[in-house]
2 protein chains.
Amino acid sequence: MSENMHGNRTQVVTTRLRQMIVAGDLAPGQRISEREIGEHLDGISRTPLREAFKILAAEGLVTISPNRGASVTALSMAEVEDTIELLVGLEGLAAEPACARISEQDLAAIDELHQRMGAAYRAEQLMEYFELNQAIHQHIVDAAGNRVLSRVYAAECARIRRYRYAGNRRHERWDRALAEHQQILGALKARNGSLLRELLCAHHHNGWQISRALVEREFAADATVAS
Amino acid sequence: MSENMHGNRTQVVTTRLRQMIVAGDLAPGQRISEREIGEHLDGISRTPLREAFKILAAEGLVTISPNRGASVTALSMAEVEDTIELLVGLEGLAAEPACARISEQDLAAIDELHQRMGAAYRAEQLMEYFELNQAIHQHIVDAAGNRVLSRVYAAECARIRRYRYAGNRRHERWDRALAEHQQILGALKARNGSLLRELLCAHHHNGWQISRALVEREFAADATVAS
DNA sequence: TGCCGGCAGATTGCATGCAATCTTTGCCCA
DNA sequence: TGGGCAAAGATTGCATGCAATCTGCCGGCA
């Protein structure tokens, strides 16, 4: 099956490492030894691995220290908050054009995601719920039709994904978040840009208030491990 | 002086290549052969070069095609416009917090940049004027105190720097731009965030109207070369 | 003349070897 | 016993070699 493997080892390991970091399989701050991870990933050699590290470093997912190699980037609380503030701002920028430009087809697609998120909520499937939630927000941003905005939004989401996920472990807020999403969808369908912007902003504000404590606890745990 | 060169070749060539691309020494679309550029840059070997390419690709400055190597990313007009729209949006996001948080020291620093930009205008030094202009906008964004916002803004600026520069070749608008900057500085000093946001938005809108034709001509020229 | 197949040169993708640097261990001495 | 130093082992940084792929050219054929 995998006979012809010339030309995409770097690509493959970059994607796998990115997934592992974003999903939290590798803990923040954890050192990644070239040889060690290489043997763990199909016995890949060091060259494509090193290239993957450089890419992920440019994305902010790993940090490279000279002569000391790569480690999973450990963000500070301040950095996570700055990033979330930016993400909210970006969604705000997307709101008006998204309302103006979104197609019926994309509206239906988001609607379906919303339905599936509701199902995940009822089944109490955390991961599924979380990913659908993220997907909905990404789709709204995409609807604005600005490729660069979409790319930046996706990249910054990935960078802090692990931390936000930690902040969603408790589902106390899920029902309220669902209701807010319902409103958001309504504003989008009504093509009311300014309302959509306010709803999105409030949605994140509410969400972050709850998540924050959990994320802080996560930070404390990481600090313990790291010491 | 440069005896001990172990451990930063990748870093060095990445920086040099980035400068060359951003400044336009390498034309958009131009293929970059590993061996060729390696010999041109101190006879560096291919390994650090390839790592540099991966980094610059992640930044969007070069494009890597499988088995065909790296080339300077050639942006479409739409991509440049999307990026500028995003940059304006980001400045808009920065306006309020910048007004709220900027220190007298940073205000003075921006003021000095503004003075120097005026001097460059009178001396008709295009490059100097352009760079000071960019620096002022970056400082305003930085003043908002959101590191992530600053980083994203800087990265996207770099990506389209070459195109914007092309749009500034004519200095018909320089005097008006200077006057607008004066107003912008005033709003910042008065800590009037909403006014600052509007001024910034109008400033870019005006500027882009003028630049656009020149950038389009540049595109036409590039297309001719590329064909 | 125009098109297609295939061969040769060039180029990229990856593995590996060597040198420089870092880390750890263990010894010596106070 | 504790601190400091040195040497060995481990790890990264880079150069280079080889295999896979691409590009361009040339001859053959319709």
Side-chain angles (χ1 to χ4, degrees), chain A residues 1-18 20-21 26-27 29-59 61-74 225-227, chain B residues 1-18 20-21 26-27 29-59 61-74 225-227:
Chain A
M1 54 178 193
S2 58
E3 293 302 309
N4 190 351
M5 285 299 286
H6 190 84
N8 54 356
R9 278 166 164 75
T10 299
Q11 182 79 295
V12 168
V13 301
T14 303
T15 303
R16 279 189 71 178
L17 282 174
R18 188 187 292 115
M20 290 171 76
I21 294 170
L26 298 169
Q30 180 177 336
R31 176 105 168 266
I32 314 177
S33 155
E34 293 176 358
R35 203 167 307 264
E36 188 180 338
I37 199 77
E39 283 170 11
H40 192 265
L41 263 53
D42 301 327
I44 205 87
S45 93
R46 292 172 54 221
T47 303
L49 261 176
R50 288 176 56 78
E51 294 183 354
F53 286 162
K54 301 291 184 187
I55 293 170
L56 296 172
E59 292 175 9
L61 292 173
V62 316
T63 303
I64 297 179
S65 320
N67 290 317
R68 306 209 29 219
S71 53
V72 181
T73 299
V225 170
S227 66
Chain B
M1 55 177 190
S2 58
E3 293 301 310
N4 190 352
M5 285 299 286
H6 191 85
N8 56 355
R9 276 165 166 76
T10 299
Q11 181 80 292
V12 168
V13 301
T14 303
T15 303
R16 279 189 71 179
L17 281 175
R18 190 187 292 115
M20 290 171 76
I21 294 170
L26 297 169
Q30 180 178 335
R31 176 105 168 266
I32 315 177
S33 154
E34 293 175 0
R35 202 165 310 261
E36 188 181 337
I37 199 77
E39 284 170 11
H40 192 266
L41 264 52
D42 302 327
I44 204 88
S45 94
R46 292 171 54 219
T47 303
L49 260 177
R50 288 176 56 79
E51 294 182 353
F53 285 162
K54 300 292 185 188
I55 294 170
L56 297 172
E59 292 175 9
L61 292 173
V62 316
T63 303
I64 298 180
S65 320
N67 289 316
R68 304 208 29 220
S71 54
V72 181
T73 298
V225 170
S227 65

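This one's a predicted model, so the numbers in the text were calculated from it and none came from an experiment. The sequence lines fix the lettering, A, B, ..., with proteins before strands; numbering per chain opens at 1.
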**Q.** Residues forming a side chain to side chain contact (heavy atoms under 4.5 Å, CB included) with B:R35, sequence neighbours excluded
**A.** B:S33, B:E39, B:R46
Q) Roughly how many Å is it from CZ in B:R68 to P in C:dA10, rounded to a whole number? A) 18 Å
Q) Does any residue of residues 33-53 of chain A have a heavy atom under 4.0 Å from DNA chain D, and if so, which ones, in number order? A) A:S33, A:E34, A:R35, A:R46, A:R50
Q: Identify, with sequence neighbours excluded, every residue that meets side chain to side chain contact (heavy atoms under 4.5 Å, CB included) alongside B:S71.
A: B:T63
Q: Sequence neighbours left out, what passes side chain to side chain contact (heavy atoms under 4.5 Å, CB included) with A:R31? Give chain and number order.
A: none
Q: Can you run down the side chain to side chain donor-acceptor pair (under 3.5 Å) pairs that involve residues 48-57 of chain A, sequence neighbours left out, and say none if there aren't any?
A: A:T10-A:E51, A:E34-A:R50, A:R50-B:E51, A:E51-B:R50
Q: Take the protein atom CZ of B:R9 and the nucleotide atom P of C:dC18, then report the distance between them rounded to whole Å.
A: 18 Å
**Q.** Qualifying residues under side-chain hydrogen bond (donor to acceptor under 3.5 Å, both in side chains), relative to B:R18, sequence neighbours excluded
**A.** B:E59
(Q) If you assign B:N67 and A:A70 each to the DNA chain D nucleotide with the nearest heavy atom, which residue ends up on the more 5' nucleotide? (A) A:A70
